[in-house]
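Notes for the one structure printed next.
Keep in mind that the numbers below use all heavy atoms, side chains included, and drop hydrogens, waters and symmetry copies.
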Amino acid sequence: MNIHKNLPILITGAASGLGAATAKFLSSYTSKLILLDKNSVDKKIIPCDITDENQIKSILDNLAEIPRVCINCAGVIFSKKAIYTSSDEFKKILEINLTGNFNLVKLIADKMRKLERVSGDNERGVMINTSSIAAFEGQPGQAAYSASKGAIASMTLPLAREFAPYGIRVMAIAPGVMETPMMSGVREDIREEIISHIPFPKRLGEPLEFAMLVKHIIENSYLNGSVIRLDGGLRME
């Protein structure tokens, strides 16, 4: 799908981290960004709790245009040993990282499928969800987080197959350890230990690199039903 100044793109988790970087990067290409986040004082960002299906539906029903692209960056990180994790805590992580994501995807897809087809491949829309390398190599204490991100990866192909007749593509990105605000409180020795396991380049990932991959996925119509790792070759042990 070609990116142009009138292409409506919706981004969740747009107030910080990967979502904010993606919004800033894509703002150079389109003037029709629809930004959602649960907590933000920025008036350009629509307050939205993605775990509230009715709230999402209300927001979508009141948009001037249906988004052609949906980029889901909303989510939380969680680390706690399983034996100390309560059932409520586990459910909460799944609710935010998985159920909230699914709510948005299904509601937007229902509207996208009624749009006119565009581009040479007769596309209607593109969905890009955010998984994590923790989906594949989760560490001790990441059972809940890995379960939520693993589910994002697992539902990519079924959703792509389901939405294919409508001309809607579904992709996921599995970032490695990225230079986001969540890493700001990590001790320097821990950062260096993580970096030592990254083959190349020897650094954390940049949010801009995530945003650049998002743009490529939007524009490359043959990318569908897959999860792309963005991790410098990192394989957690």
Point to revise | Any donor-acceptor pair under 3.5 Å from Asp52 side chain to Gln55 backbone | key: yes
Check your understanding: Do any N or O atoms from the side chain of Ser221 and from the backbone of Met1 form a donor-acceptor pair under 3.5 angstrom?
Key -> yes
Flag the pair [X] / [Y] as yes when at least one side-chain heavy-atom distance between them is below 4.5 Å, and no otherwise.
| X | Y | value |
| --- | --- | --- |
| Pro8 | Ile66 | no |
| Phe136 | Val227 | yes |
| Arg161 | Leu157 | yes |
| Ile128 | Val126 | yes |
| Glu193 | Arg187 | no |
| Thr130 | Phe210 | yes |

Check your understanding: Any Lys/Arg nitrogen of Arg191 or Glu188 sitting under 4.0 Å from an Asp/Glu carboxylate oxygen of the other?
Key -> yes
Practice item. Decide, yes or no, whether a salt bridge links Glu116 with Arg68 under the criterion of side-chain N to carboxylate O below 4.0 Å. Key: no
With sequence neighbours left out, write down each residue that passes side-chain hydrogen bond (donor to acceptor under 3.5 Å, both in side chains) with [X], or none if nothing qualifies.
| X | result |
| --- | --- |
| Asn129 | Asn72 |
| Lys91 | none |
| Asn101 | none |

Revision key, fill the gap. Residues pairing under side chain to side chain donor-acceptor pair (under 3.5 Å) where one sits in residues 12-35, two or more places apart or in two chains, turn out to be Lys32-Glu65
Would you list the atom pairs, donor with acceptor, under 3.5 Å between side chains in residues 105-112 and any protein atom, with sequence neighbours excluded?
unit_1, atom_1, unit_2, atom_2, d
Lys106, NZ, Glu53, OE2, 3.0
Asp110, OD1, Arg113, NE, 2.8
Asp110, OD1, Arg113, NH2, 2.8
Lys111, NZ, Asp61, OD1, 2.8

Give the table of side-chain donor-acceptor pairs shorter than 3.5 Å for residues 164-176, with sequence neighbours excluded, one pair per line with atom names and distance.
unit_1, atom_1, unit_2, atom_2, d
Arg169, NE, Glu123, OE1, 2.7
Arg169, NH1, Ile217, O, 3.0
Arg169, NH1, Asn220, O, 3.1
Arg169, NH1, Leu223, O, 2.8
Arg169, NH2, Glu123, OE1, 3.3
Arg169, NH2, Ile217, O, 3.0
Arg169, NH2, Ile218, O, 2.9

Point to revise | Separation between CG of Leu159 and OG of Ser154, rounded to the nearest 0.5 Å | key: 11.0 Å
